[in-house]
Every structure is written in structure tokens, then in C-alpha cells.
Amino acid sequence: MDESGTTKAAVASDGSGSDKNEVQRYNPAEIEPRWQAKWDAQPNLYAAEPHTSGKPKFYCLEMLPYPSGQLHMGHVRNYAIGDALARFMRMRGYNVLHPMGWDAFGLPAENAALKNNTPPREWTLKNIAQMKVQMQRIGYSYDWAGTEIATCLPEYYRWNQWFFLKMVERGLAYRRSSKVNWCPQCATVLANEQVIGGCCWRHEDQIVEQRELEQWFLRITKYADELLDGLDTMPGWPEKVRTMQRNWIGRSEGAEVEFRVTAMANTPAITVFTTRVDTIFGATSIQLAPEHALVKEWVKTDAQLASAVDAMIAEQKVARETGDIGNIEKHGVATGKTAINPFNGETLPIWVANYILADYGTGAIMSVPAHDERDFEFAQKYGLAVKRVVAPNVDTDKLALPYGEEDDAVLIDSGEWTGEAVLEAQERMARFAEEHGFGKKTTTYRLKDWGVSRQRYWGTPIPMVYCTNGHAAGAGHEGVKAGGVVALPESALPVLLPEQIEITQEGGSPLGKVPEFVNTTCPVCGGPARRETDTMDTFVDSSWYFYRYTDARNSTAPFDSEKANYWFPIDQYIGGVEHAILHLIYSRFWTKVMRDLGLIANSEPAERLFTQGMVIKDGAKMSKSKGNVVSPDLMIEKYGADATRMYALFAAPPDRDLEWQEEGVAGISRFLARVYRLVGKYAPNVQYIEHGMHADEIAPEQFAGQTAAGAALLRTLHQTIAKITEDFNGRWHFNTCIAAIMILVNEIYAAEAAMDSGEVSSATIAELLRTLTLLLVPFAPFIAAELWKDLGETTDVFQQPWPVADKELARESEIEIPVQVNGKLATVIKLAADTDEAALEVAIKAASLADEKVAARLIGKTIVKHLVINKPSGKLVNLVVK
RNA sequence: GCGGGAGUGGUGAAAUGGCAGACACGCAGGUCUUAGAAGCCUGUGCCCGAAAGGCGUAGGGGUUCAAGUCCCCUCUCCCGCACCA
């Protein structure tokens, strides 16, 4: 090994006599396809080891895409984040599961069929093939062969059907008539979660209509409490997402109280829901929603009421359309009827009011104007009584109506409850109502059961039939009512989606027009039966796909429990925040159901969730309508896949929105070219190529007698390793990781002369370039593979262990100490790092006073304090002077 | 209205309470070239200036030896929820 002598002139060492200008230029268009072809030929390159391997596991998951046929920058970014992490964890020795698949059912396939006359299946599979090529071009390290799934294939969707049957058995799936959200454009039903501000989530300008339909529902409300309480045990999820889910579930504890309608013996009592039963003595009217059942009854005999109610409903519809719902003026109409307050026997007028929601609570409230803002506003308008029943603990003269109050406020004018504290009264009054049979403590939720029926073709067929002979369901099928609804046996699965089908724009389920599909036999009696023609919401597909990944080729079960239990929970889930409610709450529900079925041991699907920011351009989210879409293909063509994905990590920290600037991609490409040139220049000269020596054989003591230049480079190198390693384990600021690599490369360039003259040893150069290459793996795998090869390695760079930072080598030889005077920087002094700790403070004080810039600021002042501050990050001096 | 996030150069951004603006883009000047491109070098928060200096993290106040960072108030922008009784 040549430690002492001058390093041979780098450029000439290959004997070719080449000079600088002939060093090959970085050409990703040549490098990347070459490596990609090599990788694609190895289907198990990124396969995880079996669950029995005994290695620590790491399940790295990104949300699966809808196969639109075009990868967009949001995908590129999302998957670049996940891929960096997966590659890092592999190099750290983890058994990494990094799967990918396709959320392949859904309406666009049917729209495309209408437009292009292409069957949905064909269109979808073509898109998948197209997007897969795009993703492979970018070099993501997915285990395609072992995990790839497409939810539109029977191998997958049969398990949707299987789960559905399990849920039917357990009463978790049921059928009932219900008012549903109907999007005329989709010609199908939407779940509550898919209605955004009264409009369809897919058609932002389309008002959602209400229709009465027979629908299948999944009983997610059974898990409402667990879904809510579980959020408190999920510190690895963003607070934002947990808050959104909490609000969505909307648990509200209160009481129901029945108010009898005066002099109407046959009319059922009005049940109101309230969270403030303690204010019931302050109730001065009853308010019903326009759609309340009693109102529907009364309008039959009261034309005036009928027109007022109709106007209210019409007004709400308009308000919804214009987006003004929520701030339309409160108004109402008196019904002329009255009800009795069961607590004090008072007679209260019954009104119908436009601010009462039919689908929350009971659709009826007791109005307490003194203590509720909305009721107060309403009462003011119509001159209804305002009766205060809670005394605030502060000077009441200064309070404006309606009165809010503190928790320790007490009741006044409330009969036998007068003087009781608010919270105590709530408990006791609810119990009193229950004991006397006119109320109870109750909890309501904003969350509703999940309607999963869709009147569409391109989805999972619901595995139920309607027996013409009117069979009731078999024993144990408690979710199925009599009337001929029969669950298919498991042996009848999968219920295949017919492929020859005509898609038309007419409403109703397209499957209903396929007699071969519809007409079947009853599994119980063998008589004629009709199949369910609705298909499942596509959110069913994505509710459990990540379990399938652990055993994607299983043909006898959705997955093997042992495998799932090894891999779950997902260690890191990465995706867009737009799925904070829909997908992520359904997934949590499905996990709990699977746990209760005994399939898995975990109760939550993912340990940690990361929501990346949007990719924007010219200040707006990329979208076709805005015409600001940047094509990943074009970027790859111009700058290479490495530069494109690396820019996606460099331009902003992953959780923030990212403004796409093409000049930035060009900048990254230039940086990679610099790295390429550097390695190209020194690779032929790297010692271990000639001597077959590897860096791990270079003992640290060989760096001990380093020249200052070599030591400085190694110091930066190890600081860089430490910085990146720490970031992967913590805050994920990959932008600063890449910046750190740039600093390292800049520094190596600055030391070029020292490297050429032999001042920096060949062993050091080898260590620098090898390690630099390894550090690039998570961010730019193509160039990393190429450089590794150029450095003479024949091993797979992705299987190399991640470099370990050496604290000794990373330590500064000289410490810089900022000196402040009254907190403002005066100068920076330098001291040798090996100064004895005991003497250091004295030395620092002396040095700081000796500095002329400091002295200049001390003229005419007195030193009050001379502080030397010790921090892990370094030392600092502050002179407090007067 | 409620909840969450953010506000730092021309731009994207950096900064465990301790040197504000790392790294990059852009721009300017230089070098190389017949010329250009690429590369390389230098400069680049603002103000005045030859220099020394002064001012600067939306605005105002506070805590601290020390505040972009912590606390209080105000303003602006983005996201989510929105008459939830």
C-alpha cells in the first residue's frame, strides 16, 4: 500500500493518457436504462426475506395509486420518500417489505369505456402496465414480483367478498332502506365521507341529491368508541389527522329527554337530544327539523305549515348549492302545538326551524336561548322568552347574552336542582329522567354506518342473492332479514364480474342488464334467484390491501396470519393528507374487524403515518384544468430519474408543500454530474482496485497519521454520515441531508490540488468516494450503482451496510468560539480542540479579552459578567457590559 | 365562527434558546473558447460608505446574559370542519 509516496497522477493512472476533457460526461440517459434492465431481470432483487428469517422487520408502505395511466409528481414525491427510507433500512440490516399495487376499481374506467369504447378491464390493465413502466424507470425498490396486486382482479376482490360474508355472519353488514347521497354525474350513491360541502368528491360542482334506496351498510359505528379512543394511543400519527378523525367521529355525550305533545294522545312524544340537560329549566320552546317525522305528519292537515316547511327545505337546497349553508339566516314557523317539559310541567311552543339538522341527534332540540348562541339568535328574532338558569361565577352585569359559564357555575331557578354544580346536575338530571321513564343518558356520533353499495359496474360484486321463493337467511346470518336475501356460501366465491358488458350512461346498475349474471339459483333451496347487482365502494379494496401484500399470492385465504403478524403493524405508512378521513378511518375499522375475526393480532394498522405535502407549480396544486402539470417522463428524459426524484426530496422538507421549479432539477442534475466527474477522475487511481483492498480492511489507525487536508476531508465525511443517519431516524429533513452531501462534494473539489499532489492519501480518497457513493443510495440509486461499479466493485451497492460515523474522525481539531458582547456577535476566536478541559475556560476568557474587536467594544464600559456557555453543540462567550 | 399549519433574501429554503440566511436556484463579474454551450473561479439580505459601521426573521409587547426559536396580543395566507344542540 502506497501511503507515503506521491499519489500517481490520477488522470494518467489508467495508462491511457487521457486528460481532463476526456473524462466521460454524466449521461443519465445511458446509465439509467442500463441499470434498470439489469434490475428488472432480477425479480427478487428487492424481495423481503421470509417471516421466519428472524431478522428485525421493517414494513415500509406508500399508498397505492389509482391507475389513471399517468404518474404525476405527487406520486413521484410520495414514492421517493418511501423508497429512500426503504433503501436506508435495508442497508441498516432490516428485513424490509416494500410493496406496490394498484387501486384498480373505480368510475374512471367506466367513463373511459363510454368515451373510447374500451372495456374497463382492458383500459385499466393497460394503464397499470404504463404506470409500472414509469415507476420502474424511476428505480423504486419495490418487490413487484412478490407483492404487486391489482384490486380489480378476482384473485384480489374475491377476498373483499369473503370479508363481506364474514361481516354478514357477524351482523356487521346489513341491508336497509335509507336516504342516500346520490351524485347524478356518477349515477351512484356516495358515502357521507364522499360528500364535501354538499357536493360530490369527484365532481366538485355537482350537488348531491338525496334519494331513498335499499343499501348495504357496514356497521362501522359499532367501533366508533374504539376508533375514537384508539387515536389517543397513536403518537406516530400526525396530530392533524387524529384531530380530523376525532371530529369526524364526533362523539357527543348528553341526554335524550321526551316531551309529550299537549292534548294529542296518539302522537308519539318528541325526543330531543341535548348535551346540556342541566339547562332544561331554561327551555322556552321545542324546535324540530323540517324533515322531522312529526312535521311530515302535521303538514298533511296544515297547508300553511306545509308551504312554510317546503320553503325551508327548498331554501336549504339552494343554500347548499351556493355553498352558503351554515350561514343562512335562522328562521322558523310556529306549529301552534305545544309540548310539556317533563321536569317542571311547563308548556312550550313547538316550532319548526331551519337550523335544526334532521340527521343529527334526534332532529329535535329543546331551545335554551339564555345559554345557547343559536337558540338566542332565534329567540330574539321571534320574541321568545329567555330564561336564565345558570349563574356564572363572575359579575353577571358585564356578560352578554347568551350566558356562557364556567364548569363550576351553579344552577338557579331549577326547582330541586337549584344550587347544584353544572356537571353534577347533568349527571343527576339524566339519571332522574331515566328513573322516571322520560329520558336517558346517551351518546351520539356524527359518524354513520358506511354505505358500501354502488350502482356501478367496475367494482367488487356483492356476494348476495335474492331468492325468488323468498327464503329467509340461514341460521347465524343474523344480519340478513327475511325476504329472500341469501348470502352465498364461501365455495361460490369469487362472484366474477362479467367481462362482456355494455356500459351506458343510463342510471341504475349496469350489472342488472346482464341476464347471465343476474339469473342464478338460490344456494339454500336451489330455486331461481336474482343476484345483487350493486358493487362495493372502492374504499373496501384499499381498506385491507396492505395485509394482502404480506402474502399476495395466497389462493386459499386473504393472507396467512403468521405472516401478517410478523409484518404488522406497518412501521411507516406514507401518503397524502387527503386520505386522513376516508381511507384511513376505513382501514382502521377493517383492521379491528379482522382482529375480531381472529386473523390478526394488531388493533391498528400502522405504527407511524407520514403525510407529505403537495407538489405545486406557480403557487397552485398541479392540475389539468390549471394547465400547470409537469410530466415526470419529461423530467426524466431531460435530467434523469435520479435528478428528478432527488429534487423532489431536496426542494423542501417532505411534510411541506413543494414548489416545482425546473431550474432546481437542472441544478441537481449538475450536482450529480459533479459527483460523476469526481469519481470518474479518481476511480482509476483508487488504491484498493489495484491491491484488492477494501475500505473495511483499512484500519482507523491508518488515518491517524493523516495530513491536515486528509483529516479535514474525513472529518466532513463522518459528520455527513452522522447527520444523514440521524435524520433518517428522526425528522426526515432529506433536503438538508442532500445539502450535507453537496457540502461534502464541494469540499472534496476544493481539495483537488491536495489530492492530486498526494497530500491526501489514496486510501483516504478511496474511503471518501466509496462512502459518498453509499450515501447517495437512498436518493439516487442509479448513479450510486454506476459509481460503485466504476470504483471497481462487483457487489450490489444496495446490499452494502450503511456507513457508520466515527466520532473520533468527525471531531473538529480546532474549536471556534463566537464571542458576543451584550448578546451581539463581536468576533469568533479559535482554540486547539485538545486544550485541557480544566484550562479551557481560562484560555477562552483570556482569548476573548485579547481580541481587538472585542476590546473595541469594551472601551468605556465595565464588564458585569463574563459568561462562557457550554453546550453540546459547542462553546460560546457572552460579555455583559455596562 | 372553531381546529390545525405557516409567515425568514429576488426564489426554494437552513438554523437541539447561542455566529440568521447553510445548501441550491437566479443574477452579476471573471476564466476557458475563433465563438458559444458546458465546466471552473469570485460576488450576491438591506442601507450608507473607501472603510469602520448601522438595520434586519409579518407587526407590537414580554421572559432571558442571549429569541427566527419560548410566552402574550394583533395582522396576513393556506388547509380541514362548519348551525353537531
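Chain A is the first sequence line, chain B the second, and so forth, proteins listed ahead of strands; every chain is numbered from 1.
Applying the 4.0 Å criterion to OP1 and OP2 of B:C40, one finds that A:Y749 has every side-chain N and O outside that range. Phosphate contact (OP1/OP2 of B:A15, side-chain N/O of A:R731, threshold under 4.0 Å): present. For the OP1/OP2 pair of B:C25 and a distance below 4.0 Å, the side-chain nitrogens and oxygens of A:R670 include at least one atom meeting the criterion.
Between B:G80 and B:C72, the distance separating the two C1' atoms is 26 Å to the nearest Å. Spacing between B:A13 and B:G62 at atom P, rounded to whole Å, works out to 32 Å. Look at the C1' atom in both B:U11 and B:G1: the space between them is 36 Å, to the nearest Å. Remark: the separation of the P atoms in B:U31 and B:G36 is 11 Å, to the nearest Å. Look at the C1' atom in both B:U44 and B:A24: the space between them is 14 Å, to the nearest Å. The same atom, P, is picked in B:A28 and in B:A20; the two are 30 Å apart, to the nearest Å. As rounded to the nearest Å, B:A50 and B:G61 have P atoms that lie 34 Å from one another. For B:C25 and B:U34, the P atoms lie 28 Å apart once the distance is rounded to whole Å.
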query: Does the side chain to side chain contact (heavy atoms under 4.5 Å, CB included) test come out yes or no for A:M312 and A:V333, once each step is laid out?
result: CA-CA 10 Å; A:M312 247 180 245; A:V333 56; 3.8 Å; yes
- prompt: Stepwise, does the ring pair (Phe, Tyr, Trp, His ring centres under 6.0 Å) test hold for A:F438 with A:F259?
  reply: CA-CA 8 Å; A:F438 56 78; A:F259 287 68; 8.8 Å; no
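Base pairing of B:A13 is not made with any nucleotide, judged by Watson-Crick or G-U wobble geometry with both donor-acceptor distances under 3.5 Å. Pairing partner, B:A66: none, since no Watson-Crick or wobble contact has both distances short of 3.5 Å. In this entry B:U31 has B:G39 as its Watson-Crick or G-U wobble partner, both defining distances falling under 3.5 Å. Searching all strands for a Watson-Crick or G-U wobble partner of B:G21 with both distances below 3.5 Å returns nothing. The partner of B:G45 is B:C55, judged by Watson-Crick or G-U wobble contacts that both fall below 3.5 Å. Across all strands shown, B:G80 pairs with B:C2; the Watson-Crick or G-U wobble distances both stay below 3.5 Å.
With sequence neighbours left out, A:K861 forms a salt bridge (charged side-chain N to carboxylate O under 4.0 Å, His left out) with no residue at all.
Taking every side-chain heavy atom of A:I743 into account, B:C23 is the closest of B:A14, B:C83, B:C23. The side chain of A:E659 lies closest to B:G12 when the candidates are B:A14, B:A85, B:G12. Nearest nucleotide to the side chain of A:R677, out of B:G17, B:G39, B:C65: B:G39. Listed nucleotides: B:G26, B:A22, B:A14. Nearest to the side chain of A:E663: B:G26. Proximity note for A:N735 (side chain, C-beta onward) versus B:A14, B:G39, B:C83: the nearest is B:A14. Comparing B:G12, B:G18, B:C19 by their closest approach to the side chain of A:F650 singles out B:G12. Here the nucleotide nearest the side chain of A:S252, chosen from B:U16, B:A85, B:A38, is B:A85. Among the nucleotides B:A38, B:U16, B:A85, the one closest to the side chain of A:T274 is B:A85. Set against B:A13, B:C19, B:A66, the side chain of A:P818 has B:C19 as its closest nucleotide. Of the candidates B:C81, B:C65, B:C55, B:C65 carries the atom nearest the A:I869 side chain, counting heavy atoms from C-beta on.
At a threshold of 4.0 angstrom between heavy atoms, the contacts of A:G361 with the nucleic acid are absent. Nucleic acid contact for A:D359: none, since no nucleic acid atom lies under 4.0 Å from a heavy atom of the residue. Residue contacts shown for A:N746 are limited to sugar-phosphate atoms, with no base heavy atom under 4.0 Å away. Residue contacts for A:V880: at a heavy-atom cut-off of 4.0 Å it reaches the sugar-phosphate backbone alone, with no base atom in range. A:L876 comes within 4.0 angstrom of a nucleotide base, judged by non-hydrogen atoms across all strands.
With hydrogens and angles ignored, a donor-acceptor pair closer than 3.5 Å exists between the side chain of A:K330 and the base of B:C83.
Within the cation-pi definition used here (under 6.0 Å to the ring centroid, within 45° of the axis), A:R674 qualifies as a partner of A:Y749.
Between the C1' atom of B:C83 and the CZ atom of A:F376 lies a distance of 16 Å, rounded to the nearest Å. Per the geometry, CZ belonging to A:R857 stands 7 Å off P belonging to B:G53, to the nearest Å. Between A:M742 atom CE and B:C25 atom C1' the separation is 10 Å, expressed in whole Å. The nearest whole Å value for the distance from the CD atom in A:E329 to the P atom in B:C83 is 16 Å. Rounded to an integer number of Å, the gap from A:Q661 CD to B:A13 P is 8 Å. Atom pair A:K617:NZ and B:G12:C1' shows a separation of 12 Å (rounding to whole Å applied). Regarding A:K871, its NZ atom lies at a distance of 14 Å from the P atom of B:C65, rounded to whole Å. Whole-Å rounding puts the A:L658 CG to B:U11 P distance at 17 Å.
In this structure, A:F610 and A:W732 have tilted ring planes: the angle between them lies in the 30° to 60° band. Ring geometry for A:F728 versus A:F779: interplanar angle under 30°, hence parallel rather than tilted (30 to 60°). The aromatic rings of A:F378 and A:Y382 lie tilted to each other, with the angle between the two planes from 30° to 60°.
A:Y639 is listed as a side-chain neighbour of A:E662, based on a closest heavy-atom distance under 4.5 Å.
Of the candidates A:L876, A:L831, A:V819, A:L831 is the only one forming a side-chain contact (heavy atoms from CB on, under 4.5 Å) with A:I844.
Glycosidic conformation, B:G9: syn, with the torsion inside 90° of 0.
Annotation: of the two residues near RNA chain B, A:G667 and A:R674, the 5′-most nearest-nucleotide partner is A:G667.
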- request: Report, as a single string ordered 5' to 3', how protein heavy atoms within less than 4.0 Å touch nucleotides 1-10 of chain B: B base, S sugar-phosphate only, - not at all.
  value: --S-------
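With hydrogens and angles left out, the side-chain atoms of A:D642 and A:Y647 include no donor and acceptor closer than 3.5 Å. For the residue pair A:Q612 / A:R656, no side-chain donor-acceptor distance below 3.5 Å is found, with atom types taken as modelled.
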